[in-house]
Asker: 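Just passing along the structure, written as structure tokens.
So that the names make sense, note that chain A is the first sequence line, chain B the second, and so on, each numbered from 1.
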Amino acid sequence: MAIQLHTVLNTEQSRAASLIDGPVLIIAGAGSGKTRMICYRMAHMLEMGIHASEILALTFTNKAAAEMAMRVKDLTQRPVSELTASTFHAFGLRILREQGELLGYTHNFTIYDTSDCAALLKEVLHEEQLDPQAHDIPAMLHLFSNIKIGRMAWPSDCSAAIKAVYDGYQEHMKLYNAVDFDDLIMLPLRLFERYPHVLALYQKRYTHIMVDEFQDTSLEQYRLVQQLAAVHRNLCVVGDDDQSIYSWRGANYQNIILFETDFPERIEIKLEQNYRSTGTILQAANTLILHNTQRKEKALWTDGHSGGRITRLYPEQEDDEVQTIIKEIRSVLYARNLSYRSFCILVRTNHLIPAFENGCMLEQIPVQVSGGQSFFERKEVKDVIAYLRILANPDDDMALLRIINTPRRKIGRSTLAALRSIAYQRHCSLYSAIGLVTQQTDLYEHLRKEPLKNLYDLIETYRSALFAAGRKKSRVLRALMEEIGYKEYLAQEYPNNDQAVLFRYGSIQSFIRLFSQWEQDGDNLSYSVYDYLQRLSLHSRDQKEDGDPIDALSIMTIHASKGLEFDCVFLAGVEDHMIPHARTIEENPGALEEERRLFYVAITRAKQDLYISTCTQRKRNREVVPSVPSRFLSEIPEDLFQEPAQDFQLDKDETIAAFNALKRRLAEKESS
DNA sequence: GCATGATTGATTTTT
DNA sequence: TCAATCATGC
């Protein structure tokens with residue numbers, strides 16, 4: 001059955017969805033039904049006879065990509081396994097898997113995440129006789145990233161030593177057969193540049209390309225799609241310059257201008273009608289964003305209600321803020337008969353999250369936290385992953401360093417130093433150095449070879465076992481964890497804390513279970529360890545694996561909330577050093593506009609009610625200092641705000657109403 | 001030479 | 001609050 005676009009979409013949306021040939025630029029404001037439109041557009045393409053394998057849809061997060069594929073499937077009632085809906089990084093990975101050998105990468109390459117890169121950088125600093133503590137590692141990584149991607153030239157005051165560190169870093173990556181996130185974009189670009197036939201292959205394969213969240217693409221990401229679309233010119237980009245919040249990661253909303261130059265025949269469509277929020281919330285968002293100077297003109301409007309005012313809360317301190325917000329959520333929940341999933345607490349920085357998480361746990365409120373420390377970032381989980389990594393790619397030094405003495409196997413500082421210097425001289429990985437040391441009986445006699453040999457044999461044994469295991473690799477991993485006595489190691493690390501030991505070993509078991517589920521999944525045509533590990537490094541910060549929707553209150557950073565919506569949104573910590581973030585604007589005063597966009601994104605997540613909480617004082621570096629409200633609040637008209645109700649006591653009628661609502665909910669639960 | 005316990009220092013956002 | 005580093009003991 002054909003989809004009648006104009007019956008399900010508004011005029012602009014329908015126009016955007018039906019223009020499938022030629023370049024199209026869609027400026028889509030927050031809550032303008034952008035995702036819906038994109039999905040209809042893809043469904044329309046399929047109906048027009050374009051094959052799913054010819055469509056490439058790129059987005060920013062794995063979650064968004066997965067959702068897109070699912071919605072298209074629902075709309076068309078067809079399988080979408082051949083549709084490519086992925087993040088830029090996952091797409092880059094795919095190209096590299098298919099063609100990376102041309103650049104000298106073997107199929108078992110490892111993807112280094114930020115913490116791996118930081119660890120490597122420290123290693124290289126040591127190697128170059130520099131003190132890692134004297135250097136700002138994240139800042140250096142950021143600089144290296146800019147250099148690598150060609151966004152920046154070396155600053156004139158940059159020492160030769162730093163440049164040597166950069167070279168060392170690059171050399172090590174190649175030696176380990178490892179790539180970082182930048183490489184996932186840059187290496188495909190290099191492939192296209194050096195091997196025009198490879199570019200032609202992909203140009204032919206993907207005849208229709210769409211990019212969502214275009215304002216968050218980097219220059220390099222744009223170049224990637226621009227090249228792919230250069231011949232057929234069927235490129236549709238969708239974005240909102242007001243929601244560009246990733247410039248620190250290279251996002252450049254001026255790509256919109258580049259697109260306009262590269263595709264002068266483009267058609268431009270603006271989606272400004274908002275289907276999400278009340279008039280009050282939109283008015284707040286519109287007036288706030290007007291303070292930014294560089295933007296495409298647009299204003300959100302709604303034909304719905306103006307809704308209630310924005311409530312401001314003034315708790316005294318963090319713990320007070322947690323209590324105040326939880327109390328408010330409870331009372332709104334019962335008064336309005338909502339469920340927890342209608343609520344969201346948004347914060348600027350990750351470290352505010354645990355306080356809310358714990359507070360909710362104590363109050364028995366189910367929570368869903370994204371951001372913060374994820375399952376895959378727990379120490380013990382990283383340890384198992386490191387074991388798996390070293391089996392997959394023994395040259396992965398960062399993985400080896402993680403497990404070389406975990407559990408303790410009497411390989412200490414001086415042995416390690418010796419190994420490092422051998423690896424350095426021989427231009428080989430640490431693992432090769434270990435192999436060398438253990439095999440040369442007459443050399444390196446001052447080293448304690450026994451533990452090294454044991455480790456080397458262990459890895460070799462399990463390596464061959466792993467590759468002989470087919471779809472039963474998780475058993476090999478489980479056996480390995482048992483053989484090395486990881487549980488005993490935990491017991492030793494956390495003496496007289498059995499709970500911690502159980503909890504942490506539980507994580508290990510959960511991880512092995514996840515791995516096992518993945519490899520047994522019949523839909524997985526490729527079930528190699530490399531696939532799993534590479535997937536893991538791109539997905540690790542995502543939501544939990546199983547998608548059963550639980551009714552829980554969401555807690556997350558503003559960045560993580562992009563694209564989501566909630567009935568009631570609580571913005572916590574809206575203070576002048578948090579948002580705008582003091583350190584951010586100190587480093588780069590121009591970032592003020594981005595902080596404002598961030599606040600704009602936060603406000604526009606709310607459908608019905610918006611609460612803004614500002615503590616009067618906050619703990620900073622163990623000292624309690626007074627906090628003042630964010631300057632952005634003064635950019636929103638006063639009359640859109642209301643002060644909180646005098647106290648949170650419900651009056652008699654409200655109490656009865658709440659009680660009845662509760663009864664109703666219980667009855668509903670019973671019957672379902 | 002390695003393991004262990006004490007001290008210190010540090011916190012923006014994420015693929 | 002937690003992790004990485006340092007100094008000391010075995």
Side-chain angles (χ1 to χ4, degrees), chain A residues 58-65 86-93 111-115 117-119 122 131-133 136-139 141-142 145 179-185 213 216-218 220-221 244-251 318 346-355 358 370-374 377-379 382 405-418 446-448 451 489 492-493 495 534-542 556-562 573 577-588 591 594-595 597-599 601-602 619-622:
Chain A
L58 295 169
T59 67
F60 219 60
T61 64
N62 296 295
K63 206 162 73 183
S86 79
T87 62
F88 273 94
H89 290 88
F91 180 60
L93 169 64
I111 301 171
Y112 273 17
D113 68 14
T114 315
S115 66
C117 293
K122 277 187 201 165
D131 178 15
Q133 286 207 294
D136 184 346
I137 304 279
L141 282 176
H142 194 235
S145 167
V179 300
D180 59 22
F181 287 132
D182 291 328
D183 291 328
L184 288 176
I185 308 299
E213 307 285 10
D216 285 328
T217 53
S218 64
E220 301 66 38
Q221 290 168 338
S244 173
I245 53 175
Y246 285 97
S247 72
W248 46 273
R249 215 177 80 183
E318 290 98 318
L346 291 181
V347 292
R348 170 70 235 263
T349 59
N350 267 313
H351 70 269
L352 292 184
I353 290 178
N358 295 335
S370 61
Q373 202 194 25
S374 81
E377 282 170 324
R378 289 182 196 159
K379 234 194 355 230
K382 288 186 98 168
N405 209 25
T406 306
R408 304 204 187 278
R409 12 176 107 81
K410 302 200 184 297
I411 301 174
R413 254 195 306 265
S414 55
T415 309
L416 210 48
H446 57 291
L447 289 178
R448 267 205 196 183
Y489 158 75
Q492 185 193 336
E493 289 295 292
Q534 290 172 353
R535 214 184 101 85
L536 212 55
S537 26
L538 293 183
H539 279 74
S540 61
R541 285 192 80 93
D542 271 19
M556 64 183 85
T557 63
I558 301 173
H559 281 89
S561 76
K562 203 170 63 159
H577 56 99
M578 307 276 321
I579 184 160
H581 194 270
R583 198 170 151 178
T584 308
I585 50 175
E586 185 186 312
E587 279 168 8
N588 172 18
E594 175 145 324
E595 293 288 307
R597 290 194 290 270
L598 199 52
F599 198 51
V601 168
K619 227 186 284 167
R620 289 228 269 167
N621 302 334
R622 310 166 84 189

Asker: Per the atom types in the model, does the base of B/dT15 pair as donor or acceptor with the side chain of A/T114 at under 3.5 Å?
Answerer: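 Side chain to base: pair present.
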Asker: Is there, by distance only and without an angle test, a donor paired with an acceptor across the side chain of A/T87 and the base of B/dT15 below 3.5 Å?
Answerer: no
Asker: Please determine, for the side chain of A/R348, which listed nucleotide (B/dT12, C/dT5, B/dT15) has the closest atom?
Answerer: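 Per side-chain heavy atoms of A/R348, the pick is B/dT12.
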Asker: Distance check needed: B/dT14 P versus A/M556 CE, whole Å only.
Answerer: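 Going from CE in A/M556 over to P in B/dT14 covers 11 Å.
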Asker: Can you tell me how far P of B/dT14 sits from NE2 of A/H581, to the nearest Å?
Answerer: 12 Å
Asker: Hey, which sits more toward the 5' end of DNA chain B by its nearest nucleotide, A/K410 or A/L598?
Answerer: A/K410
Asker: Are any of the side-chain heavy atoms of A/L538 and A/L184 separated by less than 4.5 Å?
Answerer: yes
Asker: Treating A/Q534 as the side-chain partner and A/I111 as the backbone partner, does any N or O pair qualify as donor plus acceptor under 3.5 Å?
Answerer: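 No: the side chain of A/Q534 does not pair with the backbone of A/I111.
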Asker: Judged by atom type as modelled, is there a donor-acceptor pair below 3.5 Å linking the side chain of A/N405 to the main-chain atoms of A/I411?
Answerer: yes
Asker: Dot-bracket, 5' to 3', for DNA chain B please: Watson-Crick or G-U pairs under 3.5 Å, [ ] where pairs cross earlier ones, | where the partner sits on another strand, dots elsewhere.
Answerer: ||||||||||.....
Asker: Mind calculating the distance between CE (A/M578) and P (B/dT13) to the nearest angstrom?
Answerer: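 Whole-Å distance recorded here is 9 Å.
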Asker: Which nucleotide in the set B/dC2, B/dT15, B/dT14 lies at the smallest distance from any side-chain heavy atom of A/F181?
Answerer: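 Given the options B/dC2, B/dT15, B/dT14, the side chain of A/F181 is closest to B/dT15.
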Asker: A/H559 has a side chain; which of B/dT14, B/dT12, C/dA4 sits nearest to it?
Answerer: B/dT14
Asker: Roughly, in whole Å, what's the span from CZ in A/F60 to P in B/dT14?
Answerer: 11 Å
Asker: Please examine the side chains of A/D113 and A/E377, heavy atoms only from C-beta on, and report whether any two atoms are closer than 4.5 Å.
Answerer: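 In short, these two side chains do not touch, never coming nearer than 4.5 Å.
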Asker: Please confirm whether the shortest side-chain N or O distance from A/S414 to OP1 or OP2 of B/dG1 is below 4.0 Å.
Answerer: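 Looking at the OP1 and OP2 atoms of B/dG1, one of them is under 4.0 Å from a side-chain N or O of A/S414.
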Asker: Just say parallel, tilted or perpendicular for the rings of A/W248 and A/H559, cut-offs at 30° and 60°.
Answerer: perpendicular
Asker: Using atom CG of A/N405 as one end and atom P of B/dC2 as the other, report the distance to the nearest whole Å.
Answerer: 9 Å
Asker: Hey, does the side chain of A/Q492 come within less than 4.0 Å of B/dA3's phosphate (OP1/OP2), counting only N and O?
Answerer: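 No, no such contact exists.
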Asker: By nearest atom, which of the nucleotides B/dT14, B/dA3, C/dA4 is closest to the A/R408 side chain?
Answerer: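 Within the option list, the nearest is B/dA3.
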Asker: Round to a whole Å and report the spacing from CG of A/D183 to C1' of B/dT15.
Answerer: 13 Å
Asker: Taking A/R597 first and then A/E594, would you say they form a salt bridge - that is, a charged N and a carboxylate O separated by under 4.0 Å?
Answerer: yes
Asker: If only side-chain N and O atoms of A/N62 are considered, is one of them under 4.0 Å from the OP1 or OP2 phosphate oxygen of B/dT14?
Answerer: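 Negative; the distance criterion is not met.
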Asker: I want to verify a distance call: between B/dC2, B/dT13, B/dA3, whose nearest atom is closest to the A/T415 side chain?
Answerer: B/dC2
Asker: Does the structure show A/W248 stacking with B/dT13, if we require the centres to be closer than 5.5 Å and the planes to be within less than 30 degrees of parallel?
Answerer: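 Yes, aromatic ring over the base.
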Asker: For the pair made of CG in A/L352 and C1' in B/dT13, what is the distance, rounded to whole Å?
Answerer: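 Distance, rounded to whole Å: 13 Å.
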Asker: Phosphate oxygens OP1/OP2 of B/dT13: is one of them under 4.0 Å from a side-chain N or O of A/N350?
Answerer: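 For B/dT13, OP1/OP2 do have a side-chain N/O of A/N350 under 4.0 Å.
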Asker: Round to the nearest Å and state the distance from A/R583 atom CZ to B/dT11 atom C1'.
Answerer: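 A/R583 atom CZ is separated from B/dT11 atom C1' by 8 Å.
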